[in-house]
Structures are given as C-alpha cells and as structure tokens.
Amino acid sequence: MYKIFPGFNLVESYHEWKKNHRRSESRTPERAIKLLFCFVVLTTLWCLPLDVFGMEGLTVVEKRVMAIFLFSTVMWILEAVPAWTTSMLAVGLLLFTASDSSLWFFRDVPVPELYGTPIKYTSILHSFADPIIMLFIGGFILAIAATKCGLDVMLARVMLKPFGTQSRFVLLGFIIVTGVFSMFLSNTATAAMMLTFLTPVLKALPADGKGKVALALSIPIAANVGGMATPIGTPPNAIVLKYLNDPNGLNLNIGFGEWMSFMLPFTLVIMLIAWIVLLKLFPFKQKTIELNIEGEAKKDWRSIVVYVTFAVTVLLWITDKYTGVNSNVVAMLPLAVFPITGIITKRDLEEINWSVLWMVAGGFALGVALQETGLASNIIEAIPFNTWPPAVMIIGSGLICYAMANFISHTATAALLVPILAIVGMSMKDILLPLGGVETLLIGVALGSSLAMILPISTPPNALAHATGMIEQKYMVKTGVIMGVIGLSLGYAMLIFLGSRGLI
C-alpha cells in the first residue's frame, strides 16, 4: 500500500494485524490442515481416471486444469495462504504441467491421443501483461502522484466544504467524497485517508451518540459502493470488463465512459440510500460538526504536471468512445509522463499494490486455461445450463457471488465465477436476452462482489472502519444486509431494463 498516503498507518496496522493473525501459533495447526486438505483435493483429482468425471472427450490436460482450478477455488475459500499467493501458485502449476512448455514427464502419457491440447505458455504469461492489468497500474500511478503533490487533501477539503456544518449533511459529504475518491483510487487507500480526516470529528462527538457509528460506517460503505462506478474502481469490474470486451469472445467493446454512463448514476443513488439508512439507524445527537482537514496541496511545477495529467487522463477515459483512444491505452499516459518528469521514482513503483495485480492475473490465467484446453466446452456440455430458467442463471449467480464475497476476497470471487459464467453466457446468449443478456449476467457478478460488506473481514475498508472501535459487528451486519438487498434489487432492475433494450 502507498506509504505516502494519508492514513497509511491505519492500513499498515491492519495488514500487520492480519499477518500476525495468520502466523500466530494457535492457527498453525489450522493452516496446516487447510493446506493438507487443498493438496489432497489437487492430488485426488489429478490421479482419478478420465472416465470418472463423466465428460465425454475429456483429455489429460483438461483434467489437470480442472484439478488446478478446483484446488485454487478451495485455497481461495479457505484462505490457508494470502489470496495472491494462490494465484501465483496456480500460474506456476499451469505453466509446468499443462502448457506447451511443461516439463517433459508431464507430456509423456501412456495414451498420447488422450493428452489433449496444451495451453500456449505465452497465453498464460500474457495474463499478467493483459491490457486490463495496465489499466490498473495506470490508476495506481495516478493515486501515488496525487498523494505526493497533496491533490487528494486539496480535493477532499474543497469537496467537503459545500456540505456545511450540519451533522446530517457532513455525513452525506463523507459518503459522496469517499465514493468519488474510490472511483479512481484504491478502496483501501481511500478508506484509510478518509478515516484519518474523520478521526478528530469522531473524538469531538458525544460519547453516547449514535452519530459516531453513522460516520464510521459511511466510509467503508461509500468506499465499497463507489468503486462500482468505474472500470478501475475495483478489480471485479476490470475482470468483468475483460470478458465483455474479449475480441475472441463477447467483443461488446464497452468503454470506460460507457461503463460510467450507467454505473455512475446507479452508484450515486445507492450512496444517497446509504445516507438515508444511516440517518435512520444511527441518528445524530449533536446537530453541527466542525471539520478541520490538515495539509496543503503543493504548488511547484511538478504538482501542476500532476493536476493537468490527472484531469486529462480522467477526461480521456470518460470520452474514450468519442476520441477513439482505448481506456487501456489512456492508462499509459501517466506511466509515460510521471517517470520522465521525476514525479514517480523507482521507490514509488515499489508501492504499487502488486498483490492485487497478481490476484487478477491469476484469475485471467485460469480463464485462459479453461478456454484453450476445451475444458469450458466440456463443462457446458456436461451441465445443461441452457435448460435452466434465465432468471435462475442471472440472479442466482449474483446471489452466489454476494454470499461468497462476504467471506473471501472480492477479487478471488470474481476470478472464480466470471470465466465460467462468460463461457456459459455465450452458450445461452439467446435465452438470456429477455433479461439483458450476458452483460447482465457478468456485471451482476461485479455488483454482487462490491455490495458484499456485512462483516469486518468482508473488505479491508470494513476492517479499517471496525478498528476505530466505533462500530459493533451487529451494526455492520445490519447495514451490510440492508445495503446488499437494496443494492442487488436496484442493480438487477437497472441491468435488466437497460440490457433488454440494448442500452448496454
């Protein structure tokens, strides 16, 4: 995480606690059992005969991919190790056992005609240098540069000022500003920054008032919801967009601005609803709040370069359909400008959240493996998805995603579900059209991921907010469930309405 970011100490404390919790002696036997179970799953599936799976035409390579996919799924669900390390292990297993550059003894099978089609090793390696990965790196670089020149503090002060000093409007201000920052910056970094600004306010409020809870909860809710508005707001959005725009797949060519055209209004509505819900559940005892955000924006020439580059990049992202410049290409603008001007240094590059990028790349690699080996086609033929009612497919997948993402990483959930759902959606394209098509199916997964926030462990912003000591878990569960039900209901209503009319 960015060490120069306001509130970095909160993120550092959270990750330190998480690391110590993982390494504590009391959890060592538990972790060992989980890891052993995962490897037993991998070994068992690896060694089973092909005819046990009941899939006609299943090959050795496909069976290996299935074993690695299910192994990764169990590892991500049980969280025996950090999620990004599972992704790296999955990439390594695919390269050495199922690619056209695998070790020789993995290619030497008793019946060569059953070996199947290996994955191109270049396709797996391209997962990390995928254009969507570059889009994320561009977003991270913008965030680092904005923090170095104080742009984030200046924007927070300017954006909060119009909301005045009345408690209920200050709450609305924190929700809107946190949501807007989360559209372009890391959700975790945004939550840390805004909690830093909020800390003196929380100390000044009456100890027996519920307004503290409303303000403390507003940060994680807005950080989670705000990320839905843009493709770079949260990794599940980028994963979904990759499959929607895949030239060899759906090829829908949904741009940055087009995504924002329907997701931004939806996000703003959800944030307003969150404001009303928080005011009803946790009313303020003190009617006015004085805000004092410390810090100044720098005014040297490098800062001006950051301001201009930030504005031009966001403008090009929003207008990508009109300029003809792909949003992934636009992300290279700050990567080109900031290093050459000395704004971003080698040390700054070390602060990029590489674990998130590896997490996304691992999901892409598994998707490539499913597609290139033909395992995806075999799964679709073995499970008659096209006989399922479209409502079950679309809404059911969103609910499954929501349930999983409350307990495991949002990115891991999307990485598991989206590759399979994309292929399934392609096979039943016509059946899904009345409910908005494959777009509704996949974007619903992104919604389900972002709206999953009922527990402190659901997302880092939740954990950071819970660490303030202002929020009891029952309050987080109550608001998380309410926002999940409202968000999913309105989200699917919007997607089905727009998708069925060809507006997405």
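- In this structure, CD1 on I68 lies 8.0 Å from CG on L366, to the nearest 0.5 angstrom.
- Ring centroids of F71 and W46 are separated by 6.0 Å or more, keeping the two rings apart.
- No close placement of the F128 and F364 rings is indicated, their centers lying 6.0 Å or farther apart.
- Pairing each heavy atom of G425 with each of L432, the nearest pair is CA-CD1, 4.0 Å.
- S182 places no side-chain N or O within 3.5 Å of a backbone atom of T178 that could act as its donor or acceptor partner.
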Solution key, residues 234-241 side-chain donor-acceptor pairs under 3.5 Å, sequence neighbours excluded:
residue : atom : partner : partner atom : Å
N237    : ND2  : G227    : O            : 2.9
N237    : ND2  : M228    : O            : 3.4
N237    : ND2  : T230    : O            : 2.8

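- Side chains of S123 and E372: a donor on one and an acceptor on the other come within 3.5 Å.
- Judged purely by atom type and a 3.5 angstrom limit, T86 has no side-chain atom pairing as donor or acceptor with the backbone of M75.
- Nearest heavy atoms, S449 versus A414: OG-CB, 4.3 Å.
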Inset, instruction - Go through the steps for Y402 and I454 under the test side chain to side chain contact (heavy atoms under 4.5 Å, CB included), then give the verdict. - result: CA-CA 10 Å; Y402 175 77; I454 66 172; 3.5 Å; yes
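- Interatomic distance, C401 SG to N406 CG, rounded to the nearest 0.5 Å: 9.5 Å.
- Pairing each heavy atom of V438 with each of M426, the nearest pair is CG2-N, 4.3 Å.
- More than 12 non-hydrogen atoms from other residues, nucleotides or ligands lie less than 6.0 angstrom from CH2 of W275.
- Counting heavy-atom neighbours within 6.0 Å of Y121 OH, excluding the residue itself, gives a total of 12 or less.
- To the nearest 0.5 Å, atom CD1 of residue I221 and atom CG of residue L278 are 4.5 Å apart.
- Taking each heavy atom of A331 and L135 in turn, the nearest pair found is CB-CA, 3.6 Å.
- Side-chain atoms of T459 and N462 include a donor-acceptor pair closer than 3.5 Å.
- Between the side chains of S450 and N224, no donor N or O sits under 3.5 Å from an acceptor N or O.
- The main-chain N or O of I124 is found under 3.5 Å from a side-chain atom of S127 such that the two form a donor-acceptor pair.
- Smallest separation of non-hydrogen atoms from Y492 and S397: OH-OG, 4.4 Å.
- Partner of L495 under the side chain to side chain contact (heavy atoms under 4.5 Å, CB included) criterion, out of I394, L441, I443: I443 alone.
- Residue pairs that meet the salt bridge (Lys or Arg N to Asp or Glu O under 4.0 Å) test with at least one member in residues 93-117, sequence neighbours left out, do not exist here.
- For residues 454-481, the salt bridge (Lys or Arg N to Asp or Glu O under 4.0 Å) pairs, not counting sequence neighbours, are E472-K474.
- Checked by atom type and distance alone, the side chain of S102 never pairs as donor or acceptor with a backbone atom of A98 at under 3.5 Å.
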Legend entry - From CA spacing to verdict: side chain to side chain donor-acceptor pair (under 3.5 Å), D348, T345: CA-CA 5 Å; D348 294 321; T345 65; 3.2 Å; yes
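- When all heavy atoms are compared, the tightest approach of G367 to Y243 is CA-OH, 3.5 Å.
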